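Since the structure is predicted, the reported quantities are computational estimates derived from the model, not experimental observations. Naming: A, B, ... by sequence-line order, numbering from 1 per chain.
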2 protein chains.
Amino acid sequence: MTDPTPRTTPAPGLRERKKQRTRDALIRAALELFTEQGYEETTIDEIAEAVDVSQRTFFRYFANKQEVVFAVQDMIEARFLDELRARPAAEPPLTALRSAVMTAWDDIGQTIASTVPVDLHMRSYRMIESTPALIAAHLRRSTELEEQIAQLVARREGLDVDADPRPRVLVAAFSGVMRVAGKVWGEGHDCSVAAIREVTESYLDHIGPAIETHWRRG
Amino acid sequence: MTDPTPRTTPAPGLRERKKQRTRDALIRAALELFTEQGYEETTIDEIAEAVDVSQRTFFRYFANKQEVVFAVQDMIEARFLDELRARPAAEPPLTALRSAVMTAWDDIGQTIASTVPVDLHMRSYRMIESTPALIAAHLRRSTELEEQIAQLVARREGLDVDADPRPRVLVAAFSGVMRVAGKVWGEGHDCSVAAIREVTESYLDHIGPAIETHWRRG
DNA sequence: TTGTCAACTGTCAGTGGCTGACATTAGCCT
DNA sequence: AGGCTAATGTCAGCCACTGACAGTTGACAA
């Protein structure tokens, strides 16, 4: 009766599905509470109670209170990095970054929205930017992600990140643009995925021509 | 008997001096413990006990555990901002920044060293860079300081930070260089103030000519 | 189907960061 | 000297987080 040949994942059993549901519920409940009454004002006990699990269980899914806030970002970033790794090596670096972002955003429409509605994600973004402790965490995460991207870009081009400054510079510029795009989206009223796609695309168009000189010595 | 006409400060009484001593002792003890056994591994109780005050008193001097780590940086930054404000308006922006840094470092030799030995300060710097929670806090503080500097630079030049991108760009470049200089100093073995002065100066020399075009419309 | 194993969860007790309330001490000022 | 007020100690309590132990529940083989 059961089909034991799924495409890639090894058939998630009942246990795995249950775990996933609990995790998703915790994220949703946490973000809902955080955005409604504030991050500091929300207790882990409240979150756990909303999902009807023990406080201890919360900490079995998330190492700390901050982690649940960035769970969605984690998914998006992981997807982005995967896409980036999958881009053909022949593609110029900025083009690869751009394509990866776009593909990632498209997938988010399906994958993420099933966990957390897009507008909740947007409200969370605003909450992060207005909570000192989360701003700090966000900055740290950003620098770590930048470093990862720089490493990937360098490998694509066969360069050494420490010897050649161009990967880090490109990634810095790219990240700066992405950051501004995210900010503009967060301040706007359009919570759709299409909106952030649009904004990102137009912003990337601006730096594109300016940087996209031929890297690889011909 | 008492001289009621000090130059600027209104004659610190016994109470004030005592407070200052307690605060300094707390900072010294905290940094000493942090650098020796680690930040997370050190308890507020330990710090308080080392200075022979109650835990509650610690929290009357510092809002939280992180604050004591950055107390010295706070002094340095405050001094730097003061110097920057005092620079003549005729000076080109980068020159003003450079002069302010140099003067600040010179003062640190006297002012800060009396609170915390320079080598302890250097060890603290290394500890911060290797403690995730402190890295995050450090990044947030840095962006806030950058914003303040950008505001000051903009005012000097009679510009609007939101309308003209140049202040923020200059400050970003300046901060980047300062950051690298700090890193290089932290990795080196020379804990003297002269060393960091030297490093800073040489690094600033590099970007100087590149950016120092005439800003003010002549 | 059943029984075993391992994973998931709840409970409990405890640590450490942090705060409010209240009493006590100690510098300041007349 | 004595009143005022700031600084401190004490205590009780909240909340984030953790280890230990026990109970429950999927997974999997006999």
Side-chain angles (χ1 to χ4, degrees), chain A residues 1-4 6 9-27 29-31 33-34 37-71 131-134 136-137, chain B residues 1-4 6 9-27 29-31 33-34 37-71 131-134 136-137:
Chain A
M1 269 304 175
T2 58
D3 179 5
T9 51
L14 170 57
R15 182 178 266 169
E16 210 58 36
R17 277 181 285 134
K18 215 169 177 181
K19 248 172 54 175
Q20 197 55 51
R21 255 185 299 150
T22 307
R23 191 185 145 86
D24 289 354
L26 281 172
I27 295 174
L31 294 183
L33 287 166
F34 288 160
Q37 58 190 41
Y39 176 74
E40 316 277 10
E41 290 71 27
T42 303
T43 299
I44 306 284
D45 285 314
E46 290 180 87
I47 302 169
E49 195 178 3
V51 184
D52 204 54
V53 296
S54 71
Q55 189 221 45
R56 194 68 183 84
T57 295
F58 175 93
F59 284 111
R60 289 208 175 92
Y61 281 93
F62 306 99
N64 49 54
K65 193 178 176 183
Q66 308 211 124
E67 209 174 285
V68 67
V69 175
F70 297 103
T131 308
L134 296 181
Chain B
M1 270 306 176
T2 59
D3 180 4
T9 51
L14 169 57
R15 182 181 267 169
E16 210 58 34
R17 274 180 289 134
K18 214 169 176 179
K19 248 173 53 177
Q20 195 56 49
R21 255 185 302 151
T22 307
R23 191 185 145 85
D24 289 353
L26 281 171
I27 295 174
L31 294 184
L33 287 167
F34 289 159
Q37 57 189 43
Y39 176 74
E40 317 276 10
E41 289 72 27
T42 303
T43 298
I44 306 285
D45 284 315
E46 289 180 89
I47 301 168
E49 195 178 3
V51 184
D52 204 53
V53 296
S54 71
Q55 190 221 45
R56 194 66 181 86
T57 295
F58 175 93
F59 284 111
R60 289 207 174 91
Y61 281 94
F62 306 99
N64 49 55
K65 195 178 175 182
Q66 309 211 122
E67 208 173 285
V68 67
V69 175
F70 297 103
T131 307
L134 297 181

If you compare every side-chain N and O of [X] against the phosphate oxygens of [N] (OP1, OP2), does one of them come in below 4.0 Å?
X: B/T57; N: D/dG9; result: yes
X: B/Y61; N: D/dT8; result: yes
X: B/K65; N: C/dC18; result: no

How long is the line joining [atom1] of [X] and [atom2] of [N], in whole Å?
X: A/N64; N: D/dA16; atom1: CG; atom2: P; value: 11 Å
X: A/F62; N: C/dC8; atom1: CZ; atom2: P; value: 14 Å
X: B/F34; N: C/dG16; atom1: CZ; atom2: P; value: 14 Å
X: B/F59; N: C/dA21; atom1: CZ; atom2: P; value: 18 Å
X: B/F58; N: C/dG17; atom1: CZ; atom2: P; value: 9 Å
X: B/E49; N: D/dG9; atom1: CD; atom2: P; value: 13 Å
X: B/R23; N: D/dA7; atom1: CZ; atom2: C1'; value: 15 Å
X: A/D45; N: C/dT11; atom1: CG; atom2: C1'; value: 13 Å

Heavy-atom side-chain proximity of A/V53 to A/Y61 below 4.5 angstrom: no
For the side chain of [X], starting at C-beta, report the closest nucleotide among [options].
X: A/K18; options: D/dT18, D/dT25, C/dT9; result: D/dT25
X: B/Q55; options: D/dT18, C/dT19, D/dG9; result: C/dT19
X: B/R60; options: D/dT10, C/dT9, D/dT18; result: D/dT10
X: B/R56; options: C/dC18, C/dA21, C/dT9; result: C/dA21
X: A/R15; options: C/dA21, C/dG10, D/dG26; result: D/dG26

Rounded distance (nearest 0.5 Å) linking atom CZ of A/F58 with atom CZ of A/R23: 10.0 Å
CA sep, side-chain torsions, deciding dist, call: A/Q20, A/R17, side-chain contact (heavy atoms from CB on, under 4.5 Å): CA-CA 5 Å; A/Q20 197 55 51; A/R17 277 181 285 134; 5.6 Å; no
Test log, rule side-chain contact (heavy atoms from CB on, under 4.5 Å), inputs B/F59 and B/I44: CA-CA 9 Å; B/F59 284 111; B/I44 306 285; 3.9 Å; yes
Polar side chain donor-acceptor pair, B/E49 to B/Q55, under 3.5 angstrom: no
Sugar-phosphate, base or nothing in reach of A/T43, heavy atoms under 4.0 Å: sugar-phosphate
